[in-house]
Amino acid sequence: MEILQLMKVLSNEVNLQILSILKSGSFNPRELARILQRDETDVSRRLRMLERVGLVEGNWVRVKKKNIRIYSLKVGEVKISFEPGRIMIKTSEDRSYKISLLESKMPKVETFFGREAEINTLSSSKKPVIVIYGIAGIGKTALAARVFKDAFWYQMSEADSFDYFAWQIGLFLNTLDYPLLLEYLRGGGREERDIFELILEGLENTKAKIVIDDVHKCSDEKILKLLSFLALRIKKGRLILISREKLHFGTGENILYFQLKGLSLKDAYTLLRAKGLHLDAYDFAEIYNLTKGHPLALTLFAEAYRENQKVRTDNFFDFLFSEVYQQLSADEKLMLQIISLFDEPLEYEAIKTLYRKKNSFVILYSLLNKGIVEKRGEVYFLHDLLKGFAREVREIDEKEYYLGYLDYLLKRNTAKNFLAAFRYVIKLGDKEKIKYLIELRVKKFKRIVQDFPDAYMKTLLQIKENPYAKKELGHIYFQKGFFEKALKLWLEVRDDVDGIHRADVISFLADVYMELNNFKEAEKYLKELESIAENSDELEIKFWYYVELTKFYFYMGKPEGALRSAFEELKIVRKIGLYPEIESAVLLHIGDIHIEMEKDEEALKYYLQALNIAEAYSLAFMKNMAKMELTKMYFLLRDYERAVKYGKDAADYFIRVRNYRRATDVLSYRCLAYMALGKIDEAEKDAEEMIRIAQSTNYPLGWAGYIFLGAIKELKGESGKEYFELGKEKLRDYSWLYDAVLEELGKVFNVSKITAKS
Ligand code: ADP
């Protein structure tokens, strides 16, 4: 093992993120890339590197004549010991090491002065929630970075949204061995209440420390709601909130409000001395009076200072900035202006790309040294105070730079960068480019509508009159289950969009009409979609057509037609070869259609294929969907052992990701299968779990738990009457369900009586 190489690999945050995710199982690079919100090629490269140093292992699995690479963890831990003359690295299972994953997100304060009293107060406080507030540039960020070195740093921005925030916290908690939130989000969970509770539980269980900087920038209601929710409840974890305005979470016992003022006289003096300034007492007093110890003002003053220069005291900050600015070289000015154009901090690569000259590194570091540009992790930015001034003196053409940045972002190929790119396209106001980006969303970034609906919606609402944006808003409403709203938007823009977008609208009009049980209208759009598909070379559009057609036949009770169409879908997805998730969904549908046709053996075959694909590509949600179907299937085929086996994983998973409706479906079959096997105690546990779920969600099938419990009591030789009656009472309004439950129960009751006797 190459030690240096290994150390290098381990000191990278993204690599450590990958390792911590692999802890939960094997992964295909694509799914890992989605979870980490990173480019797939980048993730594959890292996996190969991790494999070379022996930390992970990759295996080929063969699925449908294709080879798929999946990676899993090879070692649980790495032990590093320092011995005379050498460093020993051993991988072992019995020692635990903590490597901080958080460093790279922290703001870097090269030279930090004083603040002794403040550091004392903050670090000795036992309160779980600390609010640090004070005016811009007073040193809040620098102080918090100093005191809370081991915290997870979250930088809030105007564009932040709840879904993105939750995803980041999920990734962070996962590295601390709390995978539930990330798993919930991956499984499509979107309930605000669930996410609140999972975040709270995650923070408490892991005793995590989180700093959220610039909370005043947050305009997202849900995030603010979450913060007050946490502020009132958190006990073992810690939350440090930084803001310009005082935040109000009431006067709870567990909150410390801390207002930050300027540096003390002594600290201010030390700062100026360190920056090479030797002022006499009179001059220093004047400057201290003007700056009130404001560190950013002092830094600028040190930079601007020339002997015998007259200090202007009105608009003091303005004056300081223009003095500093005038003394910059032309290159420094250019770079400063470029950075000031952007709302978010920039990576060095981006700065280099936009700045274009050879000396980018030197110039950037000179600005950093002057305290004008700042660094946090791998990104560079101007303090908000300076950004305002820099924008006023701007001489460069912002359009050109926004376009350049747009290209840069899109090459990065991740949802996050796509969303950022979208914001700049809107700034540019370029309609063609907006259309182009929306096309990219439809083709390449499909998951954005599911994974980041809030973030995408926020952006789209800025151009809500644009027909293409309306179409996209329709998708978000549809996804959230607001069918009427989606329908209205799509009908509005139907004739105003062209190309792939028109096909998109028409196919979703067919879909939404089916959801609303209006099959006549659905059929009309289906016909139109058919002719669009026939005249188009886009496989994607043909695929949409068959998806809708299958659904249509299925709803109309024509399984043969549905089956034919579903096989067309399958053919196309395999030809495109890019969407394993969709492929396994199609296979599940084919299974369902076979059930409809009472061809159980065939159904089984396709469910197993769906499982196969989902496992190969590590698609947790699809995998458990397949297992759920297999539980039912094997139950119907009276193979109770297998029903229990698949039901075990699926029920655990759906309970974990709080998808209680599906969990109950699985539990009901598993419970019956346990009864059939004579495993009464296990069956009893499942019945009780069903009742628990019904009590908190009122999902009717859950109440069947009472009926099962009654049957179980009877099997145990006790009376089940009371439970039977309770179940019947709870299912009073669902007589069809009640009958179905009794019928299924009837099937196993005979079996179990036999097993119980034998
Ligand atoms: P805020 O978060 O309140 O807006 P920052 O923490 O970003 O302010 O501080 C503004 C600038 O002053 C930054 O460049 C920071 O590095 C510098 N600064 C703040 N406090 C100190 C300090 N105690 N010593 C040295 N520099 C400081």
Side-chain angles (χ1 to χ4, degrees), residues 105-123 130-149 151 153-158 211-218 240-247 257-277 287-288 290-305 316-317 320-321 324-325 328 336 339-340 343-345 364-377 379-390:
K105 291 222 165 54
M106 281 271 177
K108 270 208 181 67
V109 187
E110 297 293 348
T111 35
F112 184 88
F113 299 98
R115 294 288 199 200
E116 212 172 303
E118 289 90 341
I119 292 174
N120 253 332
T121 311
L122 292 180
S123 51
I130 296 182
V131 176
I132 304 177
Y133 65 102
I135 59 170
I138 200 71
K140 302 179 291 293
T141 304
L143 179 64
R146 182 82 178 177
V147 178
F148 305 103
K149 284 200 182 79
W153 197 276
Y154 190 88
Q155 176 63 48
M156 193 69 81
S157 74
E158 285 87 354
V211 177
I212 304 179
D213 198 358
D214 286 343
V215 176
H216 61 270
K217 286 188 182 167
C218 177
I240 294 99
L241 304 169
I242 303 177
S243 171
R244 279 194 201 160
E245 293 107 38
K246 184 173 175 181
L247 303 164
Y257 292 98
F258 185 83
Q259 183 178 16
L260 189 61
K261 306 257 176 66
L263 294 175
S264 69
L265 211 66
K266 186 169 144 265
D267 293 346
Y269 189 73
T270 327
L271 187 145
L272 289 180
R273 278 297 288 266
K275 304 248 170 197
L277 246 63
I287 285 314
Y288 188 74
L290 277 172
T291 58
K292 309 257 178 337
H294 190 283
L296 188 56
L298 288 167
T299 306
L300 284 183
F301 176 77
E303 219 36 68
Y305 182 77
F316 180 57
F317 228 98
L320 282 181
F321 182 77
V324 172
Y325 190 74
L328 296 179
L336 191 66
I339 298 178
S340 78
D343 301 330
E344 70 259 24
L364 182 60
Y365 272 82
S366 152
L367 289 171
L368 263 178
N369 277 335
K370 293 186 169 147
I372 301 172
V373 165
E374 298 177 49
K375 185 174 185 202
R376 178 173 6 97
V379 294
Y380 300 84
F381 60 99
L382 275 182
H383 195 281
D384 287 338
L385 270 178
L386 302 188
K387 203 182 270 179
F389 292 118

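Just so you know, ligand 1 is whichever comes first in the structure, and atom 1 is the first atom listed for that ligand. Only a predicted model underlies this, so the values are computations on that prediction, with no experimental measurement involved.
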How would you list, by chain and number, every residue that makes a side chain to side chain donor-acceptor pair (under 3.5 Å) with Ser243, sequence neighbours excluded?
none
Salt-bridge present (Lys140, Asp213; N to O < 4.0 Å):
no
So Glu374 and Leu382, do their side chains get closer than 4.5 Å, heavy atoms only?
no
Give the residues near ligand 1 by chain and number, with the criterion being a heavy-atom distance under 4.0 Å.
Thr111, Phe112, Phe113, Arg115, Ile135, Ala136, Gly137, Ile138, Gly139, Lys140, Thr141, Ala142, Leu263, Leu271, Pro295, Leu296, Glu374, His383
Could you check whether Arg244 makes a cation-pi contact with Tyr133, meaning its NZ or CZ is under 6.0 Å from the centre of the six-membered ring and within 45° of the ring axis?
no
Could you pull out all residues at least two apart from Asn120 that satisfy side chain to side chain donor-acceptor pair (under 3.5 Å)?
none
Under the rule for salt bridge (Lys or Arg N to Asp or Glu O under 4.0 Å), what residues qualify as partners of Asp267, not counting sequence neighbours?
none
